[in-house]
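Input: a single structure, listed below in C-alpha cells.
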Amino acid sequence: MIVTEHVTSSMLTDPSSAAPLLRLAFHDCQVDGCDGSILLKESSNSMEIEAESQKNFGIRKLDLMNNIKSSLEEVCPQTVSCADIIQLAARDAIHLAGGPFIEVLTGRRDSVSASKKRAENQLPASNISVNEFTKIFHEKNINLQEGVALIGGHTLGIGHCRNFKERLRPVIDPTLSPTFLLLLQTVCSDPSLSDVAFAQNDATAFIFDNQYFIDIQNGRGLLKIDSEIATDPRTMPHVIAFGKDMQQFFHMFTSGFLKLSSYKVLVGEKGEIRSDCSFENS
C-alpha cells in the first residue's frame with residue numbers, strides 16, 4: 001500500500017510519472033540485473049555511477065524511490081529493498097496508467113556497487129536494431145513476442161530529439177510518414193535544443209494501451225526500433241496482433257515483464273537491504 005500511495009500521489013501531481021517509472025525499472029534490470037544499482041549516488045568501486053551514463057539521459061523519479069524507502073523504513077526497517085521498490089513502483093505506474101496489474105515477485109536484494117561503464121556497455125542504444133534487441137532479450141529468456149510487447153512500453157512517455165534526430169536529416173528515414181516527419185522536423189528544428197525538445201512516443205502518451213502498435217504501422221515510429229519492428233517480417237506479425245488485440249498485448253507484456261524483473265536478482269546473502277537507496281550501508 002505504501003508504494004501504491006506514493007505512486008498514485010506522484011501521478012496525480014505529474015501525469016507523466018508512469019513513463020519514467022517504467023524506464024527506471026527497465027534500465028535497472030538491464031545493467032547487471034534488477035539490483036537497485038541505478039539509484040546509487042556513489043559507489044565504493046567506481047568513480048562514476050550508473051545514473052551518469054549517457055544512456056540514462058533524462059532518467060527521473062529517483063527521488064520518489066527514496067521517499068518510498070523512507071516511508072517503508074518507518075514501518076518495516078531493513079525489509080524492503082530498493083530493487084523491489086523500483087519494480088513495485090513500475091507495476092503500480094503501469095496499472096494506474098490503464099495497463100495490466102502485474103503480480104511482481106519480491107525478495108530482491110540491493111547491489112553494493114554501480115558503474116557508469118557497465119551501464120554504457122549493457123544498456124541498449126537509442127538506434128538499436130531488431131537483431132540487437134532480439135539478442136538482448138534472448139539472453140534474458142524473453143521470447144520474440146514478449147520482447148515486442150516490452151518495446152510496447154513506448155506507449156508511455158516521450159523521446160528527446162537527440163535520440164532520433166539522425167532519422168530526420170541529412171538523410172530522411174523513408175519509413176516515417178510525411179505528416180509525422182514534418183512534425184518531428186518542426187519539433188527538432190534547432191539542433192542546440194536536441195536535449196530539451198521532444199515528441200510523444202504515441203498519440204496517447206500518458207495511457208498504457210496498444211495505440212503505439214497502431215501508430216508504428218502507420219509510419220509514426222519515433223525511434224528506429226519502433227519503425228523496424230513494424231516492418232521486419234519476424235516482428236511485424238506481433239505488432240499487427242497487438243494493434244488489434246490490447247488484451248493480448250497486456251498478456252505478453254506481463255509475461256515479459258515478469259521475466260525481465262527477475263533477471264539476475266540478488267538473493268540470500270548476496271548484496272544488502274539498503275537503508276537509503278542512494279547509498280550503500282556503512
Side-chain angles (χ1 to χ4, degrees), residues 1-97 102 104-116 118-119 122-123 153 156-157 257 260-267 270-282:
M1 283 298 293
I2 291 175
V3 176
T4 304
E5 289 170 0
H6 277 270
V7 174
T8 301
S9 177
S10 179
M11 291 185 65
L12 287 172
T13 56
D14 175 11
S16 72
S17 294
L21 287 172
L22 179 56
R23 185 178 182 224
L24 196 61
F26 278 9
H27 280 221
D28 187 48
C29 290
Q30 290 281 4
V31 184
D32 297 332
C34 312
D35 59 5
S37 56
I38 197 169
L39 301 178
L40 285 172
K41 289 184 177 179
E42 60 181 47
S43 176
S44 58
N45 73 336
S46 177
M47 294 295 291
E48 296 178 299
I49 56 170
E50 191 172 311
E52 293 175 346
S53 165
Q54 282 298 304
K55 291 182 178 178
N56 276 323
F57 171 80
I59 206 83
R60 296 197 290 131
K61 298 300 175 180
L62 282 71
D63 56 336
L64 177 59
M65 300 300 100
N66 270 323
N67 292 339
I68 294 172
K69 180 62 173 176
S70 296
S71 295
L72 286 167
E73 286 297 299
E74 292 178 5
V75 178
C76 46
Q78 291 285 285
T79 303
V80 183
S81 70
C82 300
D84 274 352
I85 291 171
I86 291 173
Q87 300 305 317
L88 292 171
R91 172 204 67 184
D92 289 337
I94 292 165
H95 188 235
L96 290 168
I102 302 172
V104 174
L105 301 175
T106 55
R108 301 168 190 80
R109 288 169 66 83
D110 298 320
S111 70
V112 294
S113 67
S115 166
K116 176 182 176 180
R118 292 202 300 271
Q122 296 178 45
L123 287 172
L156 294 172
F257 188 90
L260 181 61
S261 62
S262 300
Y263 177 64
K264 290 178 67 175
V265 298
L266 301 175
V267 294
K270 296 180 180 179
E272 63 183 14
I273 305 293
R274 288 185 218 134
S275 298
D276 182 326
C277 288
S278 298
F279 304 99
E280 303 164 36
N281 293 339
S282 56

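The shown structure was predicted, so the numbers you read here are calculated from the model rather than taken from an experiment.
- The existence of a salt bridge linking K69 and D110 is excluded, since no basic side-chain nitrogen approaches an acidic carboxylate oxygen closer than 4.0 Å.
- Taking CG of L105 as the start and CG of L88 as the end, the distance is 10.0 Å to the nearest 0.5 Å.
- Although no hydrogens or angles enter the test, the distance criterion places a donor-acceptor pair under 3.5 Å between the side chain of E73 and the main chain of Q78.
- Once rounded to the nearest 0.5 Å, the distance linking OG of S53 with CD1 of I59 reads 9.5 Å.
- In this structure, T79 and I273 have side chains that are not in contact, with every pair of non-hydrogen atoms separated by 4.5 Å or more.
- Taking each heavy atom of M65 and I85 in turn, the nearest pair found is SD-CG2, 3.9 Å.
- T106 pairs by the side chain to side chain donor-acceptor pair (under 3.5 Å) definition with nothing, not counting sequence neighbours.
- Applying the side chain to side chain donor-acceptor pair (under 3.5 Å) test to S37 and every residue at least two apart in sequence or in another chain returns D35, E50.
- For residues 17-33, the pairs satisfying salt bridge (Lys or Arg N to Asp or Glu O under 4.0 Å) are D32-R118, with sequence neighbours left out.
- In this structure, the salt bridge (charged side-chain N to carboxylate O under 4.0 Å, His left out) partners of D84, at least two apart in sequence or on a different chain, are R108.
- For the pair L64 and L21, the minimum side-chain heavy-atom distance is below 4.5 Å.
- With sequence neighbours left out, D276 forms a side chain to side chain contact (heavy atoms under 4.5 Å, CB included) with N66, S278, F279.
- Under the side-chain contact (heavy atoms from CB on, under 4.5 Å) rule, N56 has a single partner from L24, I49, V31, I38, which is I38.
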### Query
Under the side-chain contact (heavy atoms from CB on, under 4.5 Å) criterion, do L62 and K41 qualify, and how do the steps go?
CA-CA 10 Å; L62 282 71; K41 289 184 177 179; over 6 Å; no

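- Among residues two or more places apart in sequence or in another chain, the side chain to side chain donor-acceptor pair (under 3.5 Å) test is passed with E5 by none.
- Smallest separation of non-hydrogen atoms from S261 and Q87: CB-OE1, 3.3 Å.
- Within the structure, no pair that satisfies the ring pair (Phe, Tyr, Trp, His ring centres under 6.0 Å) test touches residues 12-32, not counting sequence neighbours.
- In terms of the side chain to side chain contact (heavy atoms under 4.5 Å, CB included) criterion, residue partners of I2 (sequence neighbours excluded) are, by chain and number, H6, S71, L72, V75.
- Scanning all heavy atoms of the two residues, the minimum distance from L266 to G271 falls at CD1-CA, 4.1 Å.
- In this structure, the separation between CD on E280 and OG on S111 is 7.5 Å, given to the nearest 0.5 Å.
- Here the SG atom belonging to C277 is positioned 8.5 Å from the CD1 atom belonging to I68, to the nearest 0.5 angstrom.
- When all heavy atoms are compared, the tightest approach of Q122 to Q30 is OE1-O, 3.3 Å.
- In terms of the side chain to side chain donor-acceptor pair (under 3.5 Å) criterion, residue partners of S10 (sequence neighbours excluded) are, by chain and number, S17, K61.
- Residues meeting the ring-ring contact (aromatic ring centres under 6.0 Å, His included) test with F57, sequence neighbours left out: H160.
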Please tabulate, for the side chains in residues 89-97, all donor-acceptor contacts under 3.5 angstrom to protein atoms that are two or more places apart in sequence or on a different chain.
residue : atom : partner : partner atom : Å
D92     : OD1  : T4      : OG1          : 3.4
D92     : OD2  : T4      : N            : 3.3
D92     : OD2  : T4      : OG1          : 2.9

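- Here the closest non-hydrogen pair linking C82 and L39 is CB-CD1, 3.9 Å.
- In this structure, S9 has no side chain to side chain contact (heavy atoms under 4.5 Å, CB included) partners at least two apart in sequence or on a different chain.
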